[in-house]
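These notes concern the structure reproduced below.
Everything quoted here is computed from the prediction, not taken from an experiment. Order of the sequence lines fixes the chain letters, A, B, ..., with proteins taken first and strands second; residue numbering starts at 1 for each chain.
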There are 2 protein chains.
Amino acid sequence: MNQKLAAQRHELILRAVRTHGTVRLPDLVELLGVSAVTVRRDVTALADRGLVVRVHGGITMPRHAEPFPRGPQSVVGPAQTHPLVGMVAPSVEYYWPAVIQGAQTAVAAAGGRLVLRASSYDAIEDRRRVCELLDRGVQTLLVAPSTTGRAGVELLRWLGAQSVPVVLVERLPPPALPTIALDAAVTDHEIGAGLAVRHLATLGHSRIGLVTSRQSPHSDAIRAGWTTAVSSLELPFNGVPALDVPPYGSPQWTRVVDQVIDECLNASVHAVLVHADREAIGLLERTRERGVRVPEDLAVVSYDDEVAAASDPPLTAVRPQKHRLGALAAQLALARLADPLDRPVHRVVLWPTLTVRESCGNELNTSRGLG
Amino acid sequence: MNQKLAAQRHELILRAVRTHGTVRLPDLVELLGVSAVTVRRDVTALADRGLVVRVHGGITMPRHAEPFPRGPQSVVGPAQTHPLVGMVAPSVEYYWPAVIQGAQTAVAAAGGRLVLRASSYDAIEDRRRVCELLDRGVQTLLVAPSTTGRAGVELLRWLGAQSVPVVLVERLPPPALPTIALDAAVTDHEIGAGLAVRHLATLGHSRIGLVTSRQSPHSDAIRAGWTTAVSSLELPFNGVPALDVPPYGSPQWTRVVDQVIDECLNASVHAVLVHADREAIGLLERTRERGVRVPEDLAVVSYDDEVAAASDPPLTAVRPQKHRLGALAAQLALARLADPLDRPVHRVVLWPTLTVRESCGNELNTSRGLG
DNA sequence: TCGGTTTCGATCGTTTCCGATCGTTTCGTT
DNA sequence: AACGAAACGATCGGAAACGATCGAAACCGA
């Protein structure tokens with residue numbers, strides 16, 4: 001163990017500086033068991049990345065500076081004085097609050113005001129809400145409309161013909177309307193599902209199941225991401241359950257979740273990706289009742305990370321960057337408002353991140369104890 | 001122990017890295033009982049699939065995200081007073097000057113400085129230029145690398161392993177590396193080609209030809225966009241020329257452009273989309289010499305809009321938003337610099353716009369990004 | 001049995017990392 | 001202000017690791 005990798009040393013240095021605030025260089029020499037010049041090199045490397053700050057004789061934590069001037073905002077023209085931004089979200093109970101907050105902060109930072117209308121995954125109602133906002137005098141719109149079926153296509157066509165700029169949030173025009181010129185900010189849920197699959201594969205699982213929540217607009221993307229990740233990792237499909245379940249709390253719920261657990265156990269599947277925190281937590285409840293241990297018997301990754309941290313055990317979860325997405329959508333709308341003509345269509349895709357907690361039995365925390 | 005399949009070795013490697021967090025390569029050699037080069041091969045395979053991360057001398061667990069939120073306040077990087085941004089463009093003669101200017105203005109607006117290195121559509125040279133910039137001390141990089149072939153994949157892998165943030169410009173990771181976590185800003189050239197086809201169709205053309213410039217990295221996308229637009233508009237393919245021509249000025253040029261004109265006239269094709277202004281202008285020259293009238297006998301849309309306005313007659317052209325794209329890429333890089341850890345991967349897609357001039361013979365007004 | 005393909009290992013030149021040394025700068029004490 | 005000690009940066013050389021190429025062995029279908 002005398003010999004350590006550069007990455008290990010960096011990790012240890014970061015940990016030391018995090019716990020102690022400041023670290024003297026000779027202490028690091030002793031801690032790492034390498035020469036002083038090597039420590040200096042490591043420290044300069046970390047300082048170049050901005051992870052620590054060099055001072056004479058040691059290092060300290062980086063001061064949390066203000067974000068970069070003007071942030072990731074686009075090149076915009078003259079600032080609108082007090083833009084009124086409308087937003088139509090399909091729900092305000094799940095997933096969307098963070099998106100709305102993100103939009104809210106971005107609009108407020110621009111000196112504007114956000115007006116929200118809640119809809120309910122229905123194209124007709126979406127359109128009604130948009131009309132209300134237009135009557136209210138909004139200058140631009142963030143919309144997460146229903147895009148399925150004939151009504152969805154019709155709604156998108158109508159949105160694209162509005163005179164105020166419209167930005168789609170977590171929605172893209174369907175293949176039937178590939179060229180409708182609307183800005184959009186979306187999360188790549190396929191990549192997100194792939195992150196989960198890869199994480200489980202790294203932990204040694206080869207048979208990785210999937211549970212998606214019926215009637216969620218993201219289910220298809222998550223299933224697609226799961227499929228491509230499993231096949232690109234050359235993991236087996238046959239016998240691995242990939243179920244579409246009714247939402248948590250519905251009458252058939254207990255029966256279906258029991259079926260999920262049974263199928264996993266029967267097929268030697270010890271890892272599942274579960275779409276939507278609620279369903280994952282429901283699955284955890286049922287495993288507790290039935291004596292199935294998580295993560296020993298079944299590793300679980302949740303998708304959404306709304307309340308995954310508070311479950312028992314805390315769920316490792318894929319986290320769409322909802323707040324950022326909302327902010328980004330608002331910035332797109334404001335930028336379009338400032339430059340409605342020349343500005344080309346922007347389509348921004350954000351990748352989710354993976355937050356590792358305890359529901360997969362990750363030994364990463366314990367393994368570095370004796371550094 | 002002596003004889004193992006590759007899959008078994010991979011399994012053992014994953015288990016080792018899982019239990020220890022990091023593994024040195026010689027340890028794996030001893031553990032697996034195979035040669036070092038084989039271990040290296042296995043490790044690169046696993047790293048390509050995103051299951052482990054390669055570091056010099058060994059491997060570590062992939063860090064999808066920070067397991068522990070770091071501090072109550074949003075952690076950001078150092079306050080870069082005067083960020084130094086490097087850029088590698090494959091050419092400074094065509095298309096790229098506008099991109100570079102866009103990046104330049106964005107970096108300057110943030111109080112930083114842009115350092116440019118020109119390369120030449122070659123992965124080896126791209127890498128050398130990047131090294132030069134790193135030696136120069138740049139804190140972040142905008143790169144438009146060559147992504148084709150083995151060398152291209154290798155280059156992308158290397159770019160993804162750099163410690164400074166890298167933003168891809170007009171390039172996306174190839175399908176072989178779908179999960180490499182690099183920000184990117186690209187133009188949707190498929191949409192651009194579709195814009196041209198749709199414009200010509202609106203003007204009454206049903207048989208719409210295509211001329212692409214050989215050895216351009218965008219040719220494939222333009223051809224794909226032309227194909228999908230033609231087929232989704234249910235226009236005919238058969239007999240319609242879709243040629244890949246050598247660049248303007250090459251020895252065969254006159255022969256080939258004559259062939260293009262002949263094929264169009266013979267097949268009753270009175271509209272073509274021509275990739276790259278130079279080739280379109282060359283086509284116009286030849287039509288003048290041969291007495292073919294533009295737009296009466298042949299409507300021409302050019303792709304790129306570098307010098308299309310100055311041709312005779314002025315060319316209707318698809319215009320990638322090069323200046324904006326460069327600015328956007330620079331903003332992505334600066335934002336990543338300010339927040340290197342928590343910020344998710346951003347992929348931004350810009351649509352080109354269509355600038356209507358006289359080479360298609362219509363009297364519509366200039367079309368805009370949004371209708 | 002044959003030919004093609006895949007997989008693994010040996011070798012070699014190159015790159016990268018690490019430590020020793022030395023001269024210079026910075027800090028703290030008198 | 002002067003001094004010494006500590007820290008720092010630069011340079012060099014050895015050792016380890018890396019990538020590329022070639023060749024041998026195993027595998028597989030015909």
Side-chain angles (χ1 to χ4, degrees), chain A residues 1-13 16-17 22-49 52-60 234, chain B residues 1-13 16-17 22-49 52-60 122-137 146 149-164 176-177:
Chain A
M1 204 39 122
N2 198 1
Q3 192 79 345
K4 284 188 184 60
L5 265 51
Q8 267 176 299
R9 292 198 309 269
H10 290 184
E11 193 63 34
L12 286 171
I13 293 172
V17 74
T22 71
V23 189
R24 285 164 30 82
L25 204 133
D27 300 340
L28 288 177
V29 171
E30 188 183 1
L31 171 69
L32 300 175
V34 294
S35 76
V37 58
T38 301
V39 173
R40 239 174 249 130
R41 267 193 278 257
D42 289 342
V43 161
T44 42
L46 291 174
D48 282 348
R49 285 193 269 167
V52 299
V53 173
R54 295 199 62 167
V55 295
H56 192 88
I59 54 177
T60 70
E234 296 173 2
Chain B
M1 181 61 146
N2 35 17
Q3 198 75 346
K4 282 187 189 61
L5 264 52
Q8 288 175 293
R9 291 199 310 271
H10 290 185
E11 190 63 32
L12 285 172
I13 293 172
V17 72
T22 69
V23 190
R24 290 173 1 99
L25 204 133
D27 299 341
L28 288 177
V29 171
E30 189 182 1
L31 171 69
L32 300 174
V34 295
S35 77
V37 57
T38 301
V39 173
R40 248 177 237 125
R41 269 192 278 256
D42 291 343
V43 160
T44 44
L46 290 173
D48 276 351
R49 293 192 265 167
V52 300
V53 173
R54 291 200 65 167
V55 295
H56 190 91
I59 54 177
T60 71
D122 174 64
I124 310 290
E125 184 169 354
D126 291 340
R127 177 161 170 167
R128 209 154 38 215
R129 298 285 163 270
V130 170
C131 287
E132 290 171 16
L133 287 169
L134 291 174
D135 291 343
R136 187 99 166 52
S146 165
R150 270 193 46 126
V153 173
E154 187 57 42
L155 176 61
L156 277 174
R157 234 187 321 234
W158 181 75
L159 286 173
Q162 293 306 306
S163 58
V164 305
L177 283 178

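Using a 4.5 Å heavy-atom cutoff, the side chains of Gln8(B) and Leu12(B) are not in contact.
The side chain to side chain contact (heavy atoms under 4.5 Å, CB included) with Val23(B) is formed by just one residue from the set Val39(B), Val43(B), Ile59(B); it is Ile59(B). Checking each of Leu32(B), Val37(B), Leu31(B) against Val34(B) for a side chain to side chain contact (heavy atoms under 4.5 Å, CB included) leaves exactly one that passes, namely Leu32(B).
Going from atom CD of Gln8(B) over to atom P of dC8(C) covers 11 Å, rounded to whole Å. Between Leu28(B) atom CG and dC8(C) atom P the separation is 15 Å, expressed in whole Å. In this structure, CZ of Arg128(B) is placed 15 Å from P of dT14(C), rounded to the nearest angstrom.
Thr22(B) contributes atom OG1, which lies 11.5 Å from atom CZ of Arg9(A) (distance to the nearest 0.5 angstrom). Annotation: the span from His10(B) atom NE2 to Glu234(A) atom CD amounts to 9.5 Å, rounded to 0.5 Å.
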Write out a two-atom table: protein N or O, nucleotide N or O from nucleotides 18-22 of chain D, distance below 3.5 Å.
unit_1: dC18(D); atom_1: OP1; unit_2: Gly57(B); atom_2: N; d: 2.7
unit_1: dC18(D); atom_1: OP2; unit_2: Arg40(B); atom_2: NE; d: 3.3

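Here Glu125(B) pairs with Arg129(B) in a salt bridge; the nearest charged N to carboxylate O distance falls below 4.0 Å.
Partners of Thr44(B) under the side-chain hydrogen bond (donor to acceptor under 3.5 Å, both in side chains) rule, at least two apart in sequence or in another chain, do not exist in this structure.
For the helix from dT1(C)-dA30(D) to dT30(C)-dA1(D), the end axes, each set by the C1' atoms of five terminal pairs, are bent relative to each other by 40° (nearest 10°).
Which of dA7(D), dG19(C), dA17(D) sits closest to the side chain of Arg24(B) comes down to dA17(D).
OP1 and OP2 of dC8(C) both lie 4.0 Å or more from every side-chain N or O belonging to Ser35(B).
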What's the verdict on side chain to side chain contact (heavy atoms under 4.5 Å, CB included) for Arg54(B) and Arg40(B), showing C-alpha distance, side-chain angles and the deciding distance?
CA-CA 10 Å; Arg54(B) 291 200 65 167; Arg40(B) 248 177 237 125; 3.7 Å; yes
